[in-house]
2 protein chains.
Amino acid sequence: MYRTHTCGELRLSNAGETVTLSGWIQASRDLGGMTFIDLRDRYGITQLVFNMEDEPVLCQQARKMGREFVIQVTGVVRERTSKNPNRPTGDIEIVASELKTLNASKVPPFTIEDETDGGEELRMKYRYLDIRRTPVKDKLIFRAKVALETRKFLSGEGFVEVETPNLIKSTPEGARDFVVPSRVNAGQFYALPQSPQTFKQILMVAGMDRYFQIVKCFRDEDLRADRQPEFTQIDCEMAFVTREDVLNVFEALTRHLFSTILSIDLGAFPRMSYDDAMSRYGSDKPDVRFGMEFVEFNDLAKGKGFSVFEDAELVVGILVPGQAETYSNKMLNDLTEWVKRPQIGAKGLVNIKFSVDGSVKSSVGKYYSEEELKQWGQRAGANPNDMLLILSGETDRVRKQLNELRLEMGTRLGLRDAKVYKPLWVLDFPLLEWIEESQRFHAMHHPFTSPKTADIDRMLDGDHETMKNLRADAYDLVINGVEIGGGSIRIHDRALQEKNFKLLGFTPEQAESQFGFLLGAFEFGAPPHGGIAFGFDRLCAMMKGETSIRDFIAFPKNNMGRDMMIDAPSTIDDIQLKELSLTLRKKE
Amino acid sequence: MYRTHTCGELRLSNAGETVTLSGWIQASRDLGGMTFIDLRDRYGITQLVFNMEDEPVLCQQARKMGREFVIQVTGVVRERTSKNPNRPTGDIEIVASELKTLNASKVPPFTIEDETDGGEELRMKYRYLDIRRTPVKDKLIFRAKVALETRKFLSGEGFVEVETPNLIKSTPEGARDFVVPSRVNAGQFYALPQSPQTFKQILMVAGMDRYFQIVKCFRDEDLRADRQPEFTQIDCEMAFVTREDVLNVFEALTRHLFSTILSIDLGAFPRMSYDDAMSRYGSDKPDVRFGMEFVEFNDLAKGKGFSVFEDAELVVGILVPGQAETYSNKMLNDLTEWVKRPQIGAKGLVNIKFSVDGSVKSSVGKYYSEEELKQWGQRAGANPNDMLLILSGETDRVRKQLNELRLEMGTRLGLRDAKVYKPLWVLDFPLLEWIEESQRFHAMHHPFTSPKTADIDRMLDGDHETMKNLRADAYDLVINGVEIGGGSIRIHDRALQEKNFKLLGFTPEQAESQFGFLLGAFEFGAPPHGGIAFGFDRLCAMMKGETSIRDFIAFPKNNMGRDMMIDAPSTIDDIQLKELSLTLRKKE
């Protein structure tokens, strides 16, 4: 037996008891006559006292032990003279009478403290030391709690967790698959699932009615910051449902998680169409913690001789409250440079300041009279000291740019508090997205998404513009501008699914070879169904008010897809390759 | 809205209500004036009535619908005149007033009944139809329930579920890894985990204290019946524990699952050493639902001129109760043939029958007097009508053979009731296993298993025999002769781990390149730790009294590792291969 208690549980009521603790040395202080050791485990920190007078051998021994040594100590619990109110065990200490080193430790390469001096690379390489740090450890424990609550809630709602296979079939649609060569079936490959999409639909055809799974998914993408090749989803599907049913269940799940785990009542979630989101925020995942909604000015902007606006498809701005006096020309110039960076790509930035004294100043003052500029202000609902920031250009592009500017201004004005949570359902996404590169339509959500009933008839007959305007019965859950989940009502009719494949450029042969099993299943009594998937890593990070998912994953990979701790991927030996009927391609 | 109720919930108390149901047509009976349809969903079956007189159009429509059509029906709940007591909804029926086909169905290739006429191949190809069958559906729901209860229990005990990565590093020890070529790191490969072993140990070094995970694992083995390339484990690890701590927690988990889910009290689990299990049952996973323990007869057998016994290392038998009169010479000859089959491989079978009249008969009667044979009976505790079955030969081999015979006789005598559950801890496994083929020792459990403290000193110095007798601090949980789980106390000391690697034939370079991260972690304060993993598929099957795991997996693969439904694995195109820097090896 290594311990009678953990390092987090002893209280004043335990005073006088003889206890045994095991843990890591967090810190040690040698005060001559006494040596104090802070002993740490997952549950907390308890102070140990070694008395030079009473136990000189033990005390000498304790002094030789370094940080992160693993020790076992036995002693009597005693009330502390100088209590530490910041620590749950801060009222007591253990007067040590036995001490044993369970394992020594080299000096760790970075400090095991809430704020560490270790850089990202070092922390990843020594992840086992990094996880000893309270912030990282707490995030993993938090994640486990969210997972368990999700499972309890969905199980309570009649959902059955079904494990779908990891060794499936490669399909070129979507992102790149990771593939797994089969030894037994030489020359053939499994793929790791990007999502259990087809399997969960198959489970609906199979009559499982309500399915969920917290499940690892895999995407071989070129990794951007904060993308991981393996990530986790809360994946769900329901039969005999309309959009309303799905939204209600997963709004309830989200509310439950926030109320149970964070004691936050999210209230009813507002809803917004994709079109509204784009015109009001320039984004399909608007951060609605703050206003500054887009205001369009085409009618006021045009016909006054300002060529930039004359040539623009859209002139649109945001009203920044209370900043007219604050933003000097210098600051506005800097902001103009900011929007002109390649990441944003605007050509320039127009401002109109509504001064406290009632005057109006603008960078385009020579084209517009003060009266005219006041009209702009009226439209935007400007108050004295407010400032309009205006961009112009091609509609889609300028909206994207103004979205970035809006978020930046929100951040600068402190309107994006990580502890304030504003959920939003975004609805009625386009069914198709025209991709210039491939010169064809791609599914905006995925090929199994149902068009809205009203749009089905127009699916194959329409021209390019009609196709662009087809609406899908798809929905996203957005919280604080972060896409937490997305889903749709699915196609459950073979003919419609074939039509959709055709629209997406599949030949009938391709559709059959990749998704024949699903098309086949639709012929044997497929019920209407729909579902959703939440990004679990992202949900956990967002609930904790963090922007990076990395510390919510126990062993994340770096931007090159490498596990720095175990040093994977790595080469394999020729025998293994040969068994898999593979050879490495020579570099060209 | 597709339904107001499911097909499993309406009762007599709902009579008079107008309801809407959706589901599949299980069966339909046309009685002229009336048509009855059994409507099925996951939750049950409800009877629909169509009245030719009142609703002729509707009734005609209903008659055209085939099995497995998906329909939506609205009607009034009515008390049935002839109730069906075998069905929870059997007191009522729905008098249909509206009917809608949600999807048609082709005639299914096998019957959707508890007992189906579909063969294994067909059932796998149309798994979505197979899962509609109650026995398969119930097994998946059962599995989900066991998983949820496991998570609740372990979380309640302070275990944190941590997801370990699926894209890890290939290590040649153990079974074959599935590998995943990395596109970004050309020529390099990830491996899919055979278990999260090293990661869970790293989590202990990281101070997580109590870890668990219900996790998919992967093994590229030549598939035997009832082995799957991907399978699920309940994987656990604890820090600052001895064997006793681990056994207590997982005995409690097992008891909890049986009592909560099956209302069965397993009581305290008996324990047995590996050596005892081998000498008493010839197996490290004895089925202790019945007796027939091994009885050794070397002293009585030898020196009487029977050359088979003279040459044998071990003469050992089982006492079959109450069968002496039943087993004719013909039956005994058949049994002899049975043990001589290559799967068992015995050279012959000796019997001694203790008749009801007190006489003793034996196939080796000419070598032993009746008095001598009675001594054999006394040792075995024979009663009248009992029968001794005796094998002889090389110890390990004959024990294995007699184990098979014992299980066969247990089955024949009906002593292996699938609904009777007898758990057993098997302890103190050998550390090493000599493999003739590779002419070296292999780890019997895995290379991270700690030897028993008393055996550490003998680890490197001993001769072959000493090495064979080293004991590991390893344990298995066996229920009804099925290995449910296994685990061990781990090595947490770098020097000891290096010693063990050396013993297993690793060069220091190999140990470093494969497990350097773990050896490194042991230098930074690794706590004593140990753990266990349960085979989750097997546990579920065993709890349900089934021997095959296949229907406890939603989408299992066949013996060639193929998914028959989606037809995976499959070829991938050249572009994909090229991106992965791979070419297919020409057939030689």
Side-chain angles (χ1 to χ4, degrees), chain A residues 2-3 22 24 42 68 70 103 105-106 128 131-132 140-141 144 148 155 160-162 165-170 178-180 182-185 187-190 202 205-207 209 216 220 230 240 517 521 523-527 554-555 560-561 565-566 568-572 581-585, chain B residues 2-3 22 24 42 68 70 103 105-106 128 131-132 140-141 144 148 155 160-162 165-170 178-180 182-185 187-190 202 205-207 209 216 220 230 240 517 521 523-527 554-555 560-561 565-566 568-572 581-585:
Chain A
Y2 284 101
R3 58 188 175 193
S22 289
W24 287 264
R42 178 182 125 198
E68 302 306 319
V70 186
N103 217 339
S105 175
K106 296 205 288 195
Y128 44 87
I131 295 174
R132 286 187 198 161
L140 297 180
I141 294 174
L148 186 65
S155 301
V160 179
E161 185 159 26
V162 179
N166 270 323
L167 297 172
I168 65 166
K169 187 165 163 165
S170 188
F178 281 106
V179 297
V180 182
S182 167
R183 182 177 52 85
V184 182
N185 305 275
Q188 300 190 1
F189 293 78
Y190 302 99
I202 286 285
V205 180
D209 207 73
K216 272 281 179 70
D220 185 12
E230 46 181 311
F240 300 114
F517 66 97
E523 294 187 295
F524 287 98
F555 302 100
M560 287 293 291
M565 184 183 75
I566 63 172
S570 61
T571 54
I572 60 175
S581 309
L582 292 176
T583 52
L584 296 182
R585 205 176 275 256
Chain B
Y2 284 101
R3 60 188 175 193
S22 290
W24 288 261
R42 178 183 125 198
E68 302 306 319
V70 186
N103 218 338
S105 175
K106 295 205 287 195
Y128 44 87
I131 294 174
R132 285 187 200 160
L140 297 179
I141 294 174
L148 186 65
S155 301
V160 179
E161 185 160 26
V162 179
N166 271 323
L167 297 172
I168 64 166
K169 187 166 163 164
S170 189
F178 281 107
V179 297
V180 182
S182 167
R183 182 177 53 85
V184 183
N185 305 276
Q188 299 190 3
F189 293 77
Y190 302 99
I202 286 286
V205 180
D209 208 72
K216 272 279 178 72
D220 185 11
E230 44 181 314
F240 301 114
F517 66 98
E523 294 186 295
F524 287 99
F555 302 100
M560 286 295 289
M565 184 184 73
I566 64 170
S570 60
T571 54
I572 60 175
S581 309
L582 292 176
T583 52
L584 296 182
R585 204 176 277 253

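Throughout, protein chains are lettered first and strands after them, A, B, ... in sequence-line order, and every chain is numbered starting at 1.
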Next on the checklist: For the CH2 atom of Trp24(A) and the CD atom of Glu68(A), what is their distance to the nearest 0.5 Å?
Outcome noted: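 Spacing of CH2 (Trp24(A)) from CD (Glu68(A)) equals 8.5 Å.
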When heavy-atom pairs shorter than 4.5 Å are enumerated against chain A, which of [options] gives the highest number?
| options | answer |
| --- | --- |
| Val180(B), Leu167(B), Ile131(B) | Leu167(B) |
| Pro569(B), Ser581(B), Ala206(B) | Pro569(B) |
| Ser570(B), Ser22(B), Ala144(B), Ala554(B) | Ser570(B) |
| Val205(B), Ile168(B), Thr571(B) | Val205(B) |
| Phe189(B), Phe178(B), Phe517(B) | Phe189(B) |

Which heavy atom of [X] sits nearest a heavy atom of [Y], and at what distance?
| X | Y | answer |
| --- | --- | --- |
| Gly525(B) | Ser105(A) | N-CB, 3.6 Å |
| Phe240(B) | Tyr2(A) | C-CD1, 3.3 Å |
| Ile566(A) | Lys169(B) | O-NZ, 2.8 Å |

Next on the checklist: If we ignore hydrogens and angles and just use 3.5 Å, is the side chain of Asn103(A) paired with the main-chain N or O of Val70(A) as donor and acceptor?
Outcome noted: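 Side chain of Asn103(A) to backbone of Val70(A): no pair is present.
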Please classify the contact of [X] with chain B as side chain, backbone, both or neither, using a heavy-atom distance under 4.5 Å.
| X | answer |
| --- | --- |
| Ser182(A) | side chain |
| Arg132(A) | both |
| Lys216(A) | side chain |
| Thr583(A) | both |
| Leu582(A) | both |

Next on the checklist: What verdict does the side-chain contact (heavy atoms from CB on, under 4.5 Å) test give for Ile202(B) and Phe555(A), after you've listed the backbone C-alpha separation in whole Å, the side-chain angles of each residue and the deciding distance to 0.1 Å?
Outcome noted: CA-CA 10 Å; Ile202(B) 286 286; Phe555(A) 302 100; 3.6 Å; yes
Next on the checklist: Run Met560(A) and Asn185(B) through side-chain contact (heavy atoms from CB on, under 4.5 Å) and show every step you take.
Outcome noted: CA-CA 8 Å; Met560(A) 287 293 291; Asn185(B) 305 276; 4.1 Å; yes
Checklist entry - Under a 4.5 Å heavy-atom cutoff, which of Val184(A), Leu140(A), Leu584(A), Asn166(A) has the most pairs with chain B? => result Asn166(A)
Next on the checklist: At a heavy-atom distance under 4.5 Å, which candidate from Gly187(A), Ser170(A), Ala521(A) has the highest pair count against chain B?
Outcome noted: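 Most pairs with chain B among the choices: Ala521(A).
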